[in-house]
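First the structure, in the form of structure tokens, and then the observations on it.
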Protein chains: 2
Amino acid sequence: MRFLLKRFSFAVMKAGKITLSSIAADLNVSKTLVSLVLNGKADAAAINKETQQRVIARAKELNYKPNQVARGLRMGQTNTLGLLVADISNPFYARITRTIEHIAEAEGYSLIVCSSDESENREKHLIKMLLERQVDGIIMTTTMQQAEILKQIIPPHYPLVLFDRYLNGFDSHYVGVDNEQATQNAVKYLLDLGHRNIGFLTLTPGYISTLHDRQQGFLEAFKAYNLDIDTSHLLQVDYAKLKNKDYNQIKQFLAETPQITALFATNNNLALACLNAAMELGRRIPDELSLITFDDVECFQYTAPAISCIAQPLEKIGEVAVNLVLQQIKKEKTEPKKVVLQTKIIYRDSTCCKN
Amino acid sequence: MRFLLKRFSFAVMKAGKITLSSIAADLNVSKTLVSLVLNGKADAAAINKETQQRVIARAKELNYKPNQVARGLRMGQTNTLGLLVADISNPFYARITRTIEHIAEAEGYSLIVCSSDESENREKHLIKMLLERQVDGIIMTTTMQQAEILKQIIPPHYPLVLFDRYLNGFDSHYVGVDNEQATQNAVKYLLDLGHRNIGFLTLTPGYISTLHDRQQGFLEAFKAYNLDIDTSHLLQVDYAKLKNKDYNQIKQFLAETPQITALFATNNNLALACLNAAMELGRRIPDELSLITFDDVECFQYTAPAISCIAQPLEKIGEVAVNLVLQQIKKEKTEPKKVVLQTKIIYRDSTCCKN
DNA sequence: CTGAAAGCGCTAACAA
DNA sequence: TTGTTAGCGCTTTCAG
């Protein structure tokens with residue numbers, strides 16, 4: 001009786017739900033059989049061709065969709081990757097995401113995408129979430145200051161790759177560029193153009209490796225030329241304000257340091273902000289003020305003037321990142337690999353000789 | 001013996017895995033108890049305060065992370081949303097994604113993000129994938145021409161919202177703007193400036209509702225002014241080529257129709273391409289050629305000249321989209337709602353009177 | 001106040 | 001060649 005009741009309620013409740021069992025019941029075969037056939041393991045199991053056909057036909061007919069959640073639970077693998085960036089609406093990350101998505105998808109992986117918003121707390125929270133969701137690996141830009149939290153939160157041999165930013169004391173796979181060298185080259189280029197009073201615009205939080213290294217590169221360039229740096233030429237802009245299009249900090253800076261003839265911006269948002277500020281202050285670029293920035297975005301070639309910049313190989317970064325994580329998942333254990341890619345200075349119209 | 005073997009391998013394999021049962025075993029209580037406590041249902045179940053404390057303490061100590069895949073399977077709900085866009089690297093989608101992500105996250109939902117690449121096949125494939133992954137709802141821009149495929153593939157009352165583009169014959173929730181009206185207004189503005197030979201640049205595939213409606217708006221504007229349209233002023237650019245920065249089609253078009261004094265571009269990529277083509281051909285904007293485009297992206301205010309455009313309320317679109325899908329998930333059943341938001345023409349320097 | 005047991009949909013040993 | 005069964009980790013009746 002109990003049994004019957006169960007069968008009954010099962011049948012009733014499941015109206016419409018097509019599962020392995022429902023197909024099996026329908027065909028009077030076992031779940032195993034259906035599973036084997038639908039996973040292409042039928043031949044290996046030497047299952048009757050004719051039976052195979054019946055199963056396949058019925059599955060198609062019923063529009064069967066395997067429940068990947070159940071599958072994931074059973075197999076201990078979700079075929080999902082976590083992608084954690086600072087801000088998905090930043091073209092820098094959006095373009096890398098695109099590449100990662102494509103490669104991942106080709107390998108059967110989906111992406112759970114999230115933005116940390118440059119907040120350590122959010123990042124911590126999001127990583128936990130990804131881990132709870134049993135993603136098979138994580139690709140991320142960290143905004144952490146200390147390796148500790150990450151070490152605590154991420155299991156020892158978990159498939160992980162940091163990109164763009166590294167974290168001292170956290171020995172994981174990584175892909176990015178040599179920010180210090182790239183910046184140094186760009187600043188030397190400004191120096192070679194005759195500029196001596198060069199402003200350096202960076203962001204909060206300043207401890208982020210890319211920002212830190214770029215600043216280091218800036219200092220190194222001066223040192224290499226035996227030049228002193230006026231620290232009043234360094235400005236750290238508040239990230240939230242920048243996101244909010246509040247450029248007052250920059251305008252004030254430009255107004256207060258009229259001796260500056262060239263500007264180095266540490267990222268694309270900052271460069272656009274400079275353009276805006278200079279425009280409002282009536283400082284002509286490049287005649288009165290040269291500008292060069294880290295990161296290339298499409299529109300830099302169409303701005304007035306076109307903006308000189310340091311371009312990172314975005315596609316390549318995405319490609320390496322996803323491949324590194326996939327390799328770890330496939331247990332191709334390797335030492336944490338650090339991949340450093342080449343940047344390229346793109347000379348456009350926002351930079352010229354000091355006159 | 002058999003039993004022992006199993007226990008053994010179990011113990012070995014599970015080394016380190018913290019689960020509900022492992023905690024329960026550890027504490028000599030039942031899984032139920034632990035589950036209840038960890039889900040905040042302990043008080044409702046009137047569980048001993050002291051026991052609760054023990055459970056919570058141990059869970060924290062062991063750094064327990066609930067397996068959301070198991071939870072999802074059991075509860076028939078994954079707290080995951082599918083977001084399907086044409087191209088995540090397009091700032092238009094990236095910015096909407098940002099808003100959606102934030103609201104979804106606040107409600108406890110994660111996002112699986114994917115790009116259809118304007119391919120019907122990819123779209124079909126991705127929707128199937130999302131459904132198999134048991135996402136609780138889907139937010140998408142469709143690139144389908146016919147409603148049929150979507151109807152076949154998506155279950156009748158599945159939580160779904162289309163945004164940006166609608167699909168005739170597919171009666172779902174929707175949020176977007178009045179593309180026809182917006183375009184008509186913008187074109188009338190060009191007409192009012194004295195332009196009569198206006199080029200219209202659109203994309204493949206042309207059947208997409210937004211593109212279609214924009215073209216319709218273009219035609220309507222002329223009709224309203226009792227003006228004839230020279231169909232040689234309409235150009236449909238190949239999407240793949242555009243993505244690929246191959247602007248020859250546009251350059252050729254501009255070269256062959258020198259009588260054109262103003263251009264309407266149906267999206268941001270096209271506008272940038274026009275800028276590029278005009279530059280290479282030495283056609284000065286706006287003096288020789290006015291340009292207005294659908295969609296605003298940040299850099300349009302910094303280009304030379306700054307580009308006039310029709311701005312869509314991106315944040316609002318994202319917000320409405322995610323809320324609509326969340327409502328459906330929460331079974332707040334409503335008739336498929338169509339939300340049409342306001343656009344705004346932003347007048348910048350790329351448009352001027354015909355001289 | 002607490003526990004046993006069933007079962008979400010699937011895979012994979014093992015049996016037959 | 002096919003079926004039985006156990007179990008992935010969790011929630012939730014239902015019994016005590």
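Proteins get letters first, then strands, A, B, ... in listed order; numbering begins at 1 in each.
- With the nearest nucleotide of DNA chain C identified for both Ala46(B) and Met75(B), Ala46(B) has the one nearer the 5' end.
- Side chain Thr51(B) to base dT2(C): no donor-acceptor pair is found below 3.5 Å.
- Residue Asp43(B) is classed as having no contact, given no heavy-atom separation below 4.0 Å to the nucleic acid.
- In this structure, the nucleotide among dC8(C), dT2(C), dC10(C) sitting nearest to the side chain of Thr19(A) is dC10(C).
- Lys31(A) places its NZ atom 9 Å from the C1' atom of dT5(D), with the value rounded to the nearest Å.
- Lys49(B) comes within 4.0 angstrom of no nucleic acid atom, judged by non-hydrogen atoms across all strands.
- When distances run from any side-chain atom of Asn67(A) to the nucleotides dG9(C), dC10(D), dG3(C), the shortest one goes to dG9(C).
- The pair Glu101(B)-Arg95(B) does not meet the salt-bridge criterion, since no charged nitrogen lies less than 4.0 angstrom from a carboxylate oxygen.
- Within 4.0 Å of Val29(A), counting heavy atoms only, lie sugar-phosphate atoms of the nucleic acid but no base atom.
- Rounded to whole Å, atom P of dG7(C) lies 19 Å from atom CZ of Arg74(A).
- Ion pairing of Arg122(A) with Glu105(B) is present here, as a side-chain N (NZ or NE/NH1/NH2) and a carboxylate O approach within less than 4.0 Å.
- Taken residue by residue, residues 125-138 of chain B places no heavy atom nearer than 4.0 Å to DNA chain D.
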Would you check, one step at a time, whether the test salt bridge (Lys or Arg N to Asp or Glu O under 4.0 Å) holds for Lys330(B) with Glu107(B)?
-> CA-CA 12 Å; Lys330(B) 291 172 188 157; Glu107(B) 301 278 330; 3.1 Å; yes

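- Protein atom CG of Asn28(B) is 16 Å distant from nucleotide atom C1' of dC1(C), rounded to whole Å.
- Put simply, CZ on Arg71(B) is 21 Å from P on dG7(C), counting in whole angstrom units.
- Among the atoms of the strands shown, base atoms are found under 4.0 Å from some heavy atom of Thr32(B).
- The distance between atom CG of Asn79(A) and atom P of dC10(C), rounded to the nearest whole Å, is 15 Å.
- When the nucleotides dG9(D), dT2(C), dT12(D) are ranked by their closest atom to the side chain of Ser35(B), dT12(D) comes out on top.
- The interatomic distance linking Leu38(A) (CG) with dA12(C) (C1') rounds to 16 Å, in whole Å.
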